[in-house]
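To find a chain, count down the sequence lines: A is the first, B the second, and so on, and within it residues start at 1. Bear in mind that the values here come from a model prediction, so they are computed numbers and not experimental data.
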Amino acid sequence: MVQFNKECFVAAKYQVPRGTFDILPQDSYKWEYIMTTFRNVAKRYQYREIVTPIFETVDLFERSVGDTSDIIQKEMYKFEDKKGRVFALRPEGTAPVVRSYVENNLGANGGLTKIFYIGPMFRYDRPQAGRYRQFYQYGVEAIGSEHPYVDAEVIALQYTFLKELGLTKFEVEVNSVGCPECSNAYNEALKDYYQPFLKELCPDCLIRFEKNPKRILDCKVPACKEISKDVPTQLEYLDEKCLAHFEMVKSYLVEMKIPFTVNPHIVRGLDYYTRTAFEFINRNLGAQNAIGGGGRYDKLVEQVGGKDSPGIGFAAGIERLLLSLDNENLPIGEQPKPLYYWIAIGENARKHSILTVSELRFSGYSVDFDLEKESLKSQMKAADKSGAKYALIYGDDEYQKHVVIRKNLESGKQEVISLDELIP
RNA sequence: GUGGAUGUAGUUCAAUGGCAGAGCACCGGAUUGUGGUUCCGGGCGUUGUGGGUUCGAGUCCCAUCUUCCACCCCA
């Protein structure tokens, strides 16, 4: 006799990996709503969708996003395939789009190429509300023009989308981080400024001082804030062309009546950004309050191996959008409901129902029914709960006469109609 | 990666170390073909998981996982 350990029979309790989640059947319509709405807005601006793989060679990200950033240093899911090639689950969407733009020569016809995407991204980070290890981003990329109008248009697109969803409690902040020359000049200025305060800065800021002095600007430690009180801004270190560009972007936003504020402290986390940087902020969201961010990346295409072409884009997280919609008590699409709920009573009617319901569905109507429920009462209850517009009541009398009772569940009114009329 | 909380029924929450409960939701019924309201009835859930202390653990201790808050980072 074989003795089985009890554990052999007890199924392990599986759960989703930390920081990931299932989009459940009862919620998926919300996601569909967000994505459909975004697709519509993007198309209105004449952007076209791209779908890239969820993994790419790891050096695409290292070279573009920048190997000093946390995303690259600490947060990438890297793996090796059977031939030893090293890949990463994409931590962001811009690098893959630019890779595809270069690889497929999407700019071949000259001018501006306008692309959007929606899909999961992956970062190994400590989860929090609005921050996940697998999260869903949508975004756009406009490659091939340096014109400041494009910057404004990209901001306008996200603005339109958020408005379309009904959101009101968000702010648009813009800044310019300048070209690499301006940026370097500013970094030097910051180092000069902070040098005398090194002993007073917090440990994090000491690291920032070496790695990315701009980040000291938005440190939350009071002592650091105090030190930063009189710090010069990037805007003071923009060269003539970068400054002119920034002024144009702002004037276009004003013309389009998009409210915004200039926040000289905006620092983008990815190394490829140049000139325009912007964020959409929802201050009711807690720590993870950015509901969209982006900027210009005029050197990225060349960096990835293409012909030197300017570009700009943004990305936003769908999870934070859902939090924002909840926060403002806004409707998030609608749970799909059937037009008809079919109710069958009596032996003949029930037998004949399979065919009739099937024919209704062939004809394009959404119909629900439940053969397991027998009494009229329980089926009526089910019809009510399903949210159907009409109940179709079909008993043996109706079966004999080849008719059905159509009851409007909202008004309670009912009429007898022939099956031939129902299914032409 | 750092610090701090959390976990009990589908869900929101109760339960001095002593029989695991309630609201909502759900299912069934209120004399045989009409839903929503009302009334009646229906709860053994590995108390996240694994150890330990104890006569006895949802409750105390340790470990672990999850989620949450802040930092960090960012969407």
Side-chain angles (χ1 to χ4, degrees), chain A residues 6-7 10-21 24 26 65 69-75 91-94 118-139 158 170 202-205 207-208 211-212 215 218-221 266-270 278-282 285-294 313-324 341 343-346 349 372-388 390-399 405-414:
Chain A
K6 196 185 169 195
E7 272 83 61
V10 179
K13 213 174 192 179
Y14 294 111
Q15 51 184 241
V16 289
R18 181 164 200 208
T20 69
F21 54 89
L24 299 170
Q26 61 267 33
V65 176
S69 71
D70 277 12
I71 294 178
I72 299 308
Q73 287 201 320
K74 304 193 290 202
E75 298 176 4
E92 61 104 40
T94 301
I118 308 175
M121 307 293 165
F122 305 84
R123 288 181 206 170
Y124 185 91
D125 202 348
R126 187 115 156 218
Q128 218 173 300
R131 186 167 79 185
Y132 302 91
R133 291 184 173 177
Q134 174 171 343
F135 58 102
Y136 291 80
Q137 278 193 337
Y138 63 88
Q158 166 75 343
F170 65 89
C202 72
D204 279 334
C205 281
I207 298 168
R208 292 176 180 129
K211 238 175 71 177
N212 191 354
R215 288 228 171 271
D218 45 28
C219 182
K220 285 158 191 160
V221 176
I266 290 180
V267 182
R268 303 267 69 220
L270 292 69
F278 61 91
E279 283 178 2
F280 285 71
I281 307 285
N282 180 346
L285 243 43
Q288 310 303 323
N289 64 2
I291 53 169
F314 77 83
I318 295 182
E319 295 82 0
R320 292 181 192 177
L321 219 47
L322 290 168
L323 290 175
S324 302
Y341 195 97
I343 293 174
I345 328 133
E372 277 191 53
K373 291 191 168 30
E374 299 203 15
S375 74
L376 173 60
K377 192 166 192 146
S378 66
Q379 290 185 79
M380 278 302 291
K381 277 188 179 179
D384 188 49
K385 223 179 61 185
S386 77
Y390 299 101
L392 296 177
I393 303 167
Y394 189 62
D396 282 342
D397 281 358
E398 288 77 18
Y399 168 74
I405 296 170
R406 182 165 69 183
K407 175 164 184 162
N408 184 316
L409 287 172
E410 205 182 325
S411 67
K413 283 180 186 161
Q414 55 185 52

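Taking the six-membered ring where the residue is Trp, A:Phe314 and A:Tyr138 present perpendicular rings, their angle passing 60° and hence far from 30°. Relative ring orientation between A:Tyr394 and A:Tyr399 is described as perpendicular, the plane-to-plane angle rising above 60° on a 0-90° scale split at 30° and 60°.
For A:Ala129, taking side-chain heavy atoms from C-beta onward, the closest of the listed nucleotides B:rA75, B:rC68, B:rC72 is B:rC68. Closest to the side chain of A:Lys381, out of B:rC71, B:rC73, B:rG36, is B:rG36. When the nucleotides B:rC65, B:rC73, B:rU34 are ranked by their closest atom to the side chain of A:Met380, B:rU34 comes out on top. For A:Ala315, counting side-chain heavy atoms from C-beta on, the closest listed nucleotide (B:rC73, B:rA75, B:rC68) is B:rA75. Residue A:Pro127 places its side chain closer to B:rU67 than to any other of B:rG33, B:rU67, B:rA30. The A:Asp384 side chain lies nearest to B:rG35 when the options are B:rG33, B:rC74, B:rG35.
Nucleotide B:rA5 has B:rU67 as its partner under the Watson-Crick or G-U criteria, with both atom distances under 3.5 Å. Nucleotide B:rG41 forms a pair with B:rC27, judged by Watson-Crick or G-U wobble geometry with both contacts under 3.5 Å. Of the nucleotides present, none pairs with B:rG17 by Watson-Crick or G-U wobble criteria with both distances under 3.5 Å. Base pairing annotation: B:rA57 forms no Watson-Crick or G-U wobble pair, as no partner gives both donor-acceptor distances under 3.5 Å.
Between B:rU49 and B:rG35, the distance separating the two C1' atoms is 44 Å to the nearest Å. Straight-line distance between the C1' atoms of B:rA9 and B:rG4: roughly 29 Å, to the nearest whole Å.
Side-chain atoms of A:Lys377 stay outside donor-acceptor range of the base of B:rU34, with no qualifying N/O pair under 3.5 Å. Side-chain to base pairing of A:Arg126 with B:rU2: one donor and one acceptor N or O lie within less than 3.5 Å of each other. Between the base of B:rC73 and the side chain of A:Arg131 there is a donor-acceptor pair shorter than 3.5 Å. On a pure distance criterion of 3.5 Å, no polar donor-acceptor pair joins the side chain of A:Glu75 and the base of B:rG1. Scanning atom types as modelled, no donor and acceptor separated by under 3.5 angstrom connect the side chain of A:Gln128 and the base of B:rU67.
Checking the phosphate oxygens (OP1, OP2) of B:rC27, a side-chain nitrogen or oxygen of A:Lys385 falls inside 4.0 Å. Not one side-chain nitrogen or oxygen of A:Arg123 sits closer than 4.0 Å to the OP1 or OP2 atom of B:rC72.
Residue contacts shown for A:Asp125 include a base, since a base heavy atom lies under 4.0 Å away.
Under a 3.5 Å cut-off, the side chain of A:Asn408 and the backbone N or O of A:Tyr390 do not form any donor-acceptor pair. Judged purely by atom type and a 3.5 angstrom limit, A:Arg123 has no side-chain atom pairing as donor or acceptor with the backbone of A:Glu75.
For A:Gln26, the CD atom sits in a packed shell: over 12 heavy atoms of surrounding residues, nucleotides or ligands are nearer than 6.0 Å.
Each of A:Gly395 and A:Phe135 was matched to the nucleotide of RNA chain B holding its nearest heavy atom; the match closer to the 5' end belongs to A:Gly395. Ranked by how close their nearest RNA chain B nucleotide is to the 5' end, A:Ser378 and A:Arg215 are led by A:Ser378.
Figure legend: cation-pi geometry between A:Arg133 and A:Tyr124, with NZ or CZ positioned under 6.0 Å from the six-membered ring centre and within 45° of its axis.
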